[in-house]
Amino acid sequence: QVQLVESGGGLVQAGGSLRLSCAASGRTFSSYYMGWFRHAPGKEREFVAGIQRSGAYTNYAESVRGRFTISADNAKNTLYLQMNSLKPEDTAVYYCAATALVVSTLPHAYQYWGQGTQVTVSS
């Protein structure tokens, strides 16, 4: 099992920045790919960004490309999401997730999930 705990969410003005963190513990060696998803009220949970543990591959949703950056510090077992130029449309609960086998943008492909951290962007 892998345990994931998100932190770093909060309330910011449009155009501002936040850095989310995801601390992983347990059998982290079994996770080949990690990602960030978000869930806004009235919408389906959607993929935001993902990264292969080796760092050789990253992927971003078109809505955040150029504004968000995903990174990982394997020595600290921590995943990060740097969010710049935030928009009100980015308001959502952000979740960290991990999969042991595949690279995917689909929520059902991920076995492990954190509890989420709220990001609210005001206009």
Side-chain angles (χ1 to χ4, degrees):
Q1 289 286 323
V2 176
Q3 293 79 47
L4 305 173
V5 180
E6 304 96 335
S7 62
L11 174 64
V12 298
Q13 290 285 120
S17 298
L18 283 174
R19 189 191 196 194
L20 305 184
S21 298
C22 173
S25 60
R27 296 182 291 173
T28 57
F29 57 85
S30 67
S31 299
Y32 294 92
Y33 191 73
M34 299 187 69
W36 290 95
F37 289 76
R38 65 187 182 188
H39 192 188
K43 296 183 178 181
E44 298 292 327
R45 184 171 298 193
E46 66 175 353
F47 173 81
V48 177
I51 185 169
Q52 190 178 5
R53 284 191 67 194
S54 68
Y57 176 81
T58 58
N59 191 25
Y60 296 91
E62 289 299 322
S63 60
V64 307
R65 191 181 302 275
R67 299 189 297 121
F68 292 8
T69 303
I70 188 170
S71 62
D73 186 336
N74 290 329
K76 296 183 178 181
N77 290 317
T78 302
L79 181 73
Y80 302 98
L81 184 68
Q82 179 66 48
M83 305 185 294
N84 298 325
S85 301
L86 284 162
K87 305 175 181 179
E89 304 92 270
D90 296 318
T91 296
V93 177
Y94 283 70
Y95 297 89
C96 175
T99 178
L101 190 61
V102 302
V103 174
S104 179
T105 61
L106 303 177
H108 66 75
Y110 290 77
Q111 292 83 52
Y112 309 106
W113 294 85
Q115 292 300 304
T117 184
Q118 177 71 50
V119 171
T120 302
V121 184
S122 62
S123 60

Would you say [X]'s side chain and [Y]'s backbone share a donor-acceptor pair under 3.5 angstrom?
X      : Y      : answer
Glu6   : Cys22  : no
Thr117 : Tyr94  : no
Thr99  : Ala109 : yes

[atom1]/[X] to [atom2]/[Y] distance, rounded to the nearest 0.5 angstrom?
X     : Y     : atom1 : atom2 : result
Met34 : Leu81 : CE    : CG    : 12.0 Å
Ser25 : Gln1  : OG    : CD    : 10.5 Å
Arg38 : Glu89 : CZ    : CD    : 8.5 Å
Leu18 : Gln82 : CG    : CD    : 8.5 Å

- Describe, in one word, how the ring planes of Phe37 and Tyr110 are oriented to each other, choosing from parallel (under 30°), tilted (30 to 60°) and perpendicular (over 60°). perpendicular
Quick one: sort the Tyr95 and Trp113 rings into parallel, tilted or perpendicular, breaks at 30° and 60°. perpendicular
Trace of the side chain to side chain contact (heavy atoms under 4.5 Å, CB included) decision for Leu20 with Val119 = CA-CA 9 Å; Leu20 305 184; Val119 171; 4.0 Å; yes
Evaluation steps, side chain to side chain contact (heavy atoms under 4.5 Å, CB included), between Asp90 and Arg67:
CA-CA 11 Å; Asp90 296 318; Arg67 299 189 297 121; 2.8 Å; yes
Review point. Does the side chain to side chain contact (heavy atoms under 4.5 Å, CB included) test come out yes or no for Asn59 and Arg65, once each step is laid out?
Key: CA-CA 9 Å; Asn59 191 25; Arg65 191 181 302 275; 4.2 Å; yes
Show the nearest heavy-atom pair for residues Gln118 and Ala92, with the distance to one decimal.
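Heavy-atom minimum between the residues: NE2-O, 3.4 Å.
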